[in-house]
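Only one structure is covered here, and it is reproduced in the block below.
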Amino acid sequence: MALPTKKVYIRTFGCQMNVADSEVMAQVLADDYVLTERAEEADLYLINTCAIRRKSEEKVRSLLGSLKVWKKRRPQLVLGVGGCVAQQEGERLLAAAPHLDLIFGTQGIYRLPELVRRAWMGARPVDVELAPCFPPLPRRQWLGAPLQALVTIMQGCNNFCTFCVVPYVRGREMSREPGVILTEASAFLAAGGKEITLLGQNVNSYGRGLPESVTFPQLLRRVAALPGLNRLRFATSHPRDLSPDLRLAFAELPPLCEHLHLPVQSGANRILQAMNRGYTREEYLEKVAWLRQACPGIALSTDLIVGFPGETDSDFAQTLDLMREAAFDQAFSFKYSPRPQTRAAGFPDQLPEEVKAERLTRLQSLQDELTIKAHRGLLGQVREVLVEGLSRRSPDQLCGRLRTNQVVNFPGPREWIGSLMLLQITEAHPHSLQGRPLEVPLTSQPLADRLPASPKELSC
Ligand code: 5AD
Ligand code: SF4
């Protein structure tokens, strides 16, 4: 078969789900397009968008605006917008951006080749249909020995947290069949992969609606048993659905990394209730305690929203208090942003921007203290690192992640990229650690030349 001569550039905004979707886009288009990292040489330019907060949406709109000039210079360029903003806005985007050739929603990625062909013919197609069942994902091929894989196990969400647009733009929860997931994961490991992250908006409710009765901890066990897997992670967990079985998985499955992302959102019961989160602060803290008991040394990260409608000073103080008690290693924190269709957007007592900004600053400085404290606790320890690439801080340093997810920089040659090795932690910084290699890795991997020079960009 002839190699494709046309080039596609994909700009990804948002979370890991979007990164995984962009990989699928590249794959479904692979018969006709090769992926390029240079936007200026693209024949097809796709923007995979995020609608979670207004700011993420604004970034997309501003990129789209700046591409008007490009399109004027190169009218043959096909410009498409996909993902959550496309799902939310549909036709409205076409009307607002006459230079746009194609709109595809969160499930349209599977129909991209046909949509792109129609766009080439000048049809300006819009595909924002949400299917009632999991669309058949193309069979992933793992060429070029990637080190880490994002494997989608489910999509959509039924939770309807009152602040969140996801159920509207990604549709109802749908799980992929375990057999399909295991085949994809095995192919990745056979190609030399080392780390798998299982992805879904709410992985703890994995399995509902599948013909075979299977829970998320059961799926984890099956994936963890695959030969050749060094590291297993998953995201995202809803605290309400965190089961004792999952706690056991942390204690029992060797590849499962000692890190859990468990978004709490707020530390005040009234706010948790108004958010429709389905747990109290006491229940959350109890789960944190039993996780730490089952898996001593587990690192916890979380998501927090400040300035939710009606949040008082005392509610906010309870959030700070919960952060101290849970001793989070890392937190992603956001000012509440009203989203279309969501219930909270219509709540009274929306807070002024200055209050949100002030609370965010206070919360982030507390988290900085907690993070540096956790980092200092690692000083002198010997830990395993997966060498992921060149350090952003300095070109003669490498960087990688501990099983507990902290970033470590350390001296070493490019040939070590792709290896697992032992390091001693020598310095603690607010956002990273510094390490000293304790060994030359046993298996040097021929990966160095195939990895992108800079790590994947994430804007979430
Ligand atoms: N405003 C601010 N933050 C939000 N998130 C989701 N929706 C909103 C919103 N409307 C945050 C939550 C979620 C993370 C992915 O984004 O903390 O866990
Ligand atoms: Fe959004 Fe809540 Fe679903 Fe997470 S669980 S995707 S916050 S609705």
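Note: hydrogens, waters and symmetry copies are ignored here, and every other heavy atom, side chains too, is used. Atoms within a ligand are numbered from 1 in the order they appear, just like the ligands themselves.
Taking every heavy atom of F160 and a limit of under 4.0 angstrom, the matching atoms of ligand 2 come to 8 (S). For ligand 2, the atoms sitting less than 4.0 Å from at least one non-hydrogen atom of F163 are 7 (S), numbered in the order shown with element in parentheses. Atoms of ligand 1 found under 4.0 Å from any heavy atom of K335, numbered from 1 in the order shown, are 1 (N), 2 (C). Atoms of ligand 2 lying under 4.0 Å from at least one heavy atom of P167, given by number and element, are 8 (S). Interface of H238 with ligand 2, defined as ligand atoms under 4.0 Å from a residue heavy atom, comprises 5 (S).
Of the protein's non-hydrogen atoms, Q201 CG, 3.4 Å is the one closest to atom 6 (S) of ligand 2.
Two rings, from H238 and Y279, have their centers less than 6.0 Å apart.
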**Item:** Working for side chain to side chain contact (heavy atoms under 4.5 Å, CB included), residues L248 and R221
**Value:** CA-CA 10 Å; L248 272 184; R221 278 173 200 277; 3.9 Å; yes
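At a threshold of 4.5 Å between non-hydrogen side-chain atoms, the residues F250 and L260 count as touching. Residues R343 and F160 form no side-chain contact, since every pair of their non-hydrogen atoms from C-beta on lies 4.5 Å or further apart. In this structure, F316 and L363 have side chains that are in contact, with non-hydrogen atoms separated by less than 4.5 Å. For the pair V8 and V116, the minimum side-chain heavy-atom distance is 4.5 Å or more. Counting only heavy atoms from C-beta outward, the side chains of L198 and I196 approach each other to under 4.5 Å. Between Y336 and V306 there is no side-chain heavy-atom pair separated by less than 4.5 Å.
For atom 14 (C) of ligand 1, the nearest non-hydrogen atom from the set L304, D303, V306 belongs to D303. Here atom 4 (Fe) of ligand 2 lies nearest to R277 when heavy atoms of R339, Q265, M17, R277 are compared. The closest heavy-atom contact to atom 1 (Fe) of ligand 2, among the options S237, G278, C164, comes from C164. Between atom 5 (S) of ligand 2 and the options V165, N276, N159, the minimum heavy-atom separation is to N159.
With a 4.0 Å heavy-atom cut-off, ligand 2 is reached by the side chain of V166 but not by its N, CA, C or O. Heavy atoms from both the backbone and the side chain of I52 come within less than 4.0 Å of ligand 1. Under 4.0 angstrom from ligand 1, the non-hydrogen atoms of Q265 all belong to its side chain. Contact annotation: for F334 versus ligand 1, heavy atoms closer than 4.0 Å belong to the side chain alone.
Counting heavy atoms of neighbouring residues, nucleotides and ligands inside a 6.0 Å radius, atom CD of Q273 does not exceed 12 of them.
What you find for A97 and R124 is that their closest heavy atoms are O-NH2, 3.3 Å. When all heavy atoms are compared, the tightest approach of Q350 to A344 is NE2-O, 2.8 Å.
For R53, a nitrogen or oxygen atom sits less than 3.5 Å from a nitrogen or oxygen atom of ligand 1, counting backbone and side chain alike.
Atom 2 (Fe) of ligand 2 has C161 among its coordinating residues (N/O/S atom, backbone or side chain, under 2.8 Å). Atom 3 (Fe) of ligand 2 has an N, O or S atom of C157 under 2.8 Å away, backbone or side chain.
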